[in-house]
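Working notes for the structure below.
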Amino acid sequence: MALLFAVSFAASANVTIKEAKGWFESCFVSWTNEVGFESYNVYVKQSGGEYRKLDAMLVRNYGDYGRADAVGLKAGDYQLKVVPVKAGAEQNADASETGLLSVSPYDRSGFAHFGWDGGVGAYNNDGTLKAGARVIYVSANTAKTVKAVVNGAEQTGLQAILHAYEKGKTEAPLAVRVIGKVSLDDLDYIKSKEEGLDLKGKSNSVAANVTIEGIGDDATFYGFGVQFEKTQSVEIRNVAFMSVIDDCLSVKACKHVWVHNNDFFYGDAGGDADQAKGDGSIDVKNNSQYVTYAYNTFWDSGKTSLCGMKKESGPNYITYHHNWFNHSDGRHPRIRTMSVHVYNNYYDGVSKYGVGAAKSSDVFVEANYFRNTKYPMLSSLQGSDVCWGNEADFSDEPGGIIKSFNNVMVGTYTYVPYAASEFVKSGVKRTADVDTKSHFDAYEVANREEPVPADVSALSGGHVYNNFDTDARKMYACTPDDPTRVPDIVTGWLGAGRMAHGDFQWKFDNATEDSNHVVIKGLKNAIVAYKSSLVGFYGSTKPGSNE
């Protein structure tokens with residue numbers, strides 16, 4: 001699909017368009033601010049359709065340029081028109097239009113959408129808002145004052161609005177659109193001392209139909225994270241998490257949760273030695289079911305993702321796909337008890353381990369690309385976890401089983417397949433000197449439909465793989481991308497992280513940071529010092545405010 005942009009100008013046009021592109025179910029345009037125009041109105045139309053005006057909060061001022069994002073679009077070709085305003089009147093003679101912009105659909109593969117036909121969150125599966133959906137805009141200056149009616153009463157403040165869902169009544173869908181950097185002090189309050197914002201239902205059998213979405217490439221939650229608890233049909237996308245209290249995102253006792261196209265950075269250091277980069281990036285636990293983590297970027301995360309605790313009763317089906325583990329350390333994910341599909345992820349310089357299976361978990365690891373990942377896969381108390389000098393020391397819990405198919409491993413790594421006469425140690429092939437029917441990291445299959453035999457079991461605990469992935473009643477249809485293409489896909493325009501990979505960029509030094517798992521001081525300092533470049537909205541002098 002073409003991802004270039006075209007711009008056409010009238011001979012007298014004064015609006016100079018800088019850039020315009022389509023992305024996932026959205027498109028944007030930026031332009032040079034001109035002296036003499038007090039503001040700008042922006043319109044969007046699908047090819048062959050009529051223009052409609054964007055909400056004022058979608059049209060932002062960044063000082064020397066302006067930007068507008070149209071969201072909630074079906075896949076297709078669109079145009080944007082920028083119209084300057086002078087003395088309260090639109091100056092149509094000075095307007096400019098973009099050419100056709102190609103808008104792509106989000107990839108809705110994964111367990112979050114399995115058996116859920118109405119769209120996860122506030123949007124339909126075609127990318128448009130659900131009928132009756134409410135939209136609120138949250139910025140640094142509106143997070144305390146934004147209003148919405150929930151449970152028949154008007155709520156004021158972002159946390160107050162989310163807290164009202166705890167009564168568990170069915171509500172109209174809600175889209176929370178985040179503008180620029182929102183810090184902890186900007187919020188009305190936080191309900192979770194550990195995470196920050198909390199969206200909790202009365203039970204996970206009632207659909208919240210809530211989407212939290214960033215607008216553009218700079219939406220950031222700074223100093224706090226988010227917790228979803230006992231709720232259903234919730235989504236978070238296109239948001240960065242920086243310097244959070246504990247976890248960036250915690251999913252507890254939820255169903256049908258979709259977490260995609262976010263950026264996860266360092267959190268505040270915890271009290272334990274392994275929490276120097278924060279407690280963790282994302283957790284899914286407390287019997288959560290049908291969750292998808294997709295197209296997220298993890299920037300040197302320490303403990304990337306905990307998946308399952310110890311008392312899940314199941315079924316707990318979780319998907320990780322097309323994530324960019326960008327020099328993060330371990331837990332990609334670290335799995336207990338759950339059935340998990342891990343496919344098409346890019347493990348890019350992972351200093352500890354990729355996928356870790358423990359506590360009777362079942363994991364299908366498929367078509368991933370592992371570059372310089374010390375241990376691509378581990379099962380606790382067997383194989384690379386305990387052999388050859390106890391190097392991995394992954395877990396002291398009973399083991400899980402990993403089924404592996406069509407993964408690419410390059411560079412330096414250690415990996416032991418089931419019943420192998422040879423294995424790879426530090427990137428070099430060696431003759432196996434242990435019984436690899438007992439000491440193995442994963443069971444390799446010849447095709448993705450092949451089950452793991454019942455006589456293959458974890459050395460500790462004797463767990464046998466449940467073959468969830470070959471049962472159409474339990475598993476979604478899926479055609480993974482060629483793993484050799486995964487790095488290009490994940491790092492490309494329609495790849496992982498926020499739009500355009502976000503406004504915060506950092507270049508890792510592979511020579512030193514592929515194997516490094518301590519805090520990178522320069523990265524940490526840059527995160528702490530991060531500021532938004534948003535000036536505000538036209539006619540406003542407050543960042544993120546239309547006052």
For the pair F364 and F468, evaluate ring-ring contact (aromatic ring centres under 6.0 Å, His included) and give the outcome as yes or no after the intermediate values.
CA-CA 9 Å; F364 182 26; F468 72 96; 7.3 Å; no
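- In this structure, N345 contributes its side chain and H322 its backbone to a donor-acceptor pair below 3.5 Å.
- Between the side chain of D385 and the backbone N or O of L381 there is at least one donor-acceptor pair closer than 3.5 Å.
- Side-chain contact annotation: R334 with S395, donor-acceptor N/O pair under 3.5 Å present.
- Here the closest non-hydrogen pair linking K144 and T156 is O-CG2, 3.5 Å.
- Shortest non-hydrogen contact noted between A175 and E213 is CB-OE2, 3.9 Å.
- Centroid-to-centroid, the aromatic rings of Y353 and F394 come within less than 6.0 Å.
- A donor-acceptor pair under 3.5 Å is absent between the side-chain atoms of K310 and the main chain of T337, judged by distance alone.
- Side-chain contact of S305 with Y320: a donor-acceptor pair under 3.5 Å is present, judged by distance alone.
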Stepwise, does the salt bridge (Lys or Arg N to Asp or Glu O under 4.0 Å) test hold for K202 with E171?
CA-CA 13 Å; K202 188 174 183 180; E171 290 290 324; over 6 Å; no
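- When all heavy atoms of Q159 and D188 are compared, the pair lying nearest together is N-OD1, 3.1 Å.
- Environment of NZ in K230: sparse, with no more than 12 heavy atoms of neighbouring residues, nucleotides or ligands closer than 6.0 Å.
- In terms of modelled atom types and a separation under 3.5 Å, the side chain of D503 and the main chain of S532 share no donor-acceptor contact.
- Residues W116 and R108 have side chains not in contact (no heavy-atom distance under 4.5 Å, counting atoms from C-beta outward).
- For the pair R60/D69, a side-chain contact is recorded, criterion being any heavy-atom separation below 4.5 Å from C-beta on.
- Between the side chains of D198 and Q227, at least one donor N or O lies within less than 3.5 Å of an accepting N or O.
- For the residue pair G223 and I245, the shortest heavy atom distance occurs at O-CG1, 3.3 Å.
- Taking the charged nitrogens against the carboxylate oxygens, D329 and K352 have no contact shorter than 4.0 Å, which rules out a salt bridge.
- No donor-acceptor pair under 3.5 Å is formed between the side chain of T231 and the backbone N or O of F228.
- Residues I212 and V178 are in side-chain contact: their nearest non-hydrogen atoms beyond the backbone lie under 4.5 Å apart.
- Atom CH2 of residue W23 and atom CG of residue D217 lie 9.5 Å apart, to the nearest 0.5 angstrom.
- E366 and K403 are not joined by a salt bridge, as no carboxylate oxygen comes within less than 4.0 angstrom of a charged side-chain nitrogen.
- Between S301 and S281, the side chains place a donor N or O and an acceptor N or O closer than 3.5 Å (distance only, hydrogens not considered).
- Under a cut-off of 6.0 angstrom, the local environment of NZ in K147 is crowded, with over 12 non-hydrogen atoms contributed by other residues, nucleotides or ligands.
- In plain terms, the two heavy atoms of A133 and A122 that are nearest each other are CB-O, 4.3 Å.
- Side-chain contact check for I335 versus L306: every heavy-atom pair is 4.5 Å or farther apart.
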Could you walk me through whether H260 and Y293 pass the ring-ring contact (aromatic ring centres under 6.0 Å, His included) check?
CA-CA 6 Å; H260 62 107; Y293 296 107; over 10 Å; no
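- Side-chain atoms of L199 and L197, non-hydrogen and from C-beta on, never get closer than 4.5 Å to each other.
- When only modelled atom types and interatomic distance are considered, S533 and D218 share no side-chain donor-acceptor pair under 3.5 Å.
- Neither side chain, H256 nor Q289, offers a donor N or O lying under 3.5 Å from an acceptor on the other.
- In this structure, CG on L58 lies 12.0 Å from NZ on K53, to the nearest 0.5 angstrom.
- Side-chain contact annotation: N516 with S351, donor-acceptor N/O pair under 3.5 Å absent.
- Remark: the S109 side chain and the D107 side chain contain an N/O donor-acceptor pair separated by less than 3.5 Å.
- Using modelled atom types, no side-chain atom of E229 and backbone atom of V251 make a donor-acceptor pair closer than 3.5 Å.
- Remark: K359 does not engage E397 in a salt bridge, criterion side-chain N to carboxylate O under 4.0 Å.
- Side chains of I190 and L184 form a contact here, defined as non-hydrogen atoms less than 4.5 Å apart.
- Judged by distance alone, with hydrogens and angles left aside, the side-chain atoms of S243 form no donor-acceptor pair with the main-chain N or O of V528 at under 3.5 Å.
- Judged by distance alone, the side chains of S233 and N209 do bring a donor and an acceptor atom under 3.5 Å apart.
- Side-chain atoms of W324 and N296 form no donor-acceptor pair, as typed in the model, at a separation below 3.5 Å.
- Under the 4.5 Å side-chain criterion, counting only non-hydrogen atoms from C-beta, K200 is not in contact with Y165.
- The side-chain tip of K255 does not point at the ring of Y290 from less than 6.0 angstrom away and within 45° of straight on.
- The OG1 atom of T292 lies 14.0 Å from the OH atom of Y317; values are rounded to the nearest 0.5 Å.
- A side-chain donor from one of N287 and N316 sits under 3.5 Å from a side-chain acceptor of the other.
- Ion pair R134/E154 not flagged as a salt bridge, since none of the NZ, NE, NH1 or NH2 atoms sits closer than 4.0 Å to an Asp/Glu carboxylate oxygen.
- Residues N326 and Y346 have side chains that never bring a donor and an acceptor to within less than 3.5 angstrom of each other.
- At least one donor-acceptor pair under 3.5 Å links the side chain of N344 to the backbone N or O of D481.
- F504 and F265 have perpendicular rings, their planes meeting at more than 60° on a 0 to 90° scale where under 30° would count as parallel.
- The side-chain tip of R237 points at the ring of Y123 from less than 6.0 angstrom away and within 45° of straight on.
- One N or O on the side chain of N151 and one on the backbone of A164 form a donor-acceptor pair closer than 3.5 Å.
- Summarising the local packing, CG of D117 is surrounded by 12 or fewer heavy atoms from other residues, nucleotides or ligands at distances under 6.0 Å.
- Side-chain contact check for I401 versus V363: every heavy-atom pair is 4.5 Å or farther apart.
- For Y476 and F111, the ring centers sit closer than 6.0 Å to each other.
- Using modelled atom types and a 3.5 Å distance limit, the side chains of N323 and Y295 yield no donor-acceptor pair.
- The two residues G119 and K130 come nearest to each other via the heavy atoms O-NZ, 2.6 Å.
- A distance of 8.5 Å separates OG in S328 from CG in D348, rounded to the nearest 0.5 Å.
- The main-chain N or O of L129 is found under 3.5 Å from a side-chain atom of N124 such that the two form a donor-acceptor pair.
- Rounding to the nearest 0.5 angstrom, the gap separating the CD1 atom in I402 from the OG atom in S361 is 7.0 Å.
- Taking the six-membered ring for Trp, F241 and F224 have ring centres at least 6.0 Å apart.
- A donor-acceptor contact under 3.5 angstrom links the side chains of Y266 and D300, judged on distance only.
- Annotation: the span from H341 atom NE2 to F114 atom CZ amounts to 12.5 Å, rounded to 0.5 Å.
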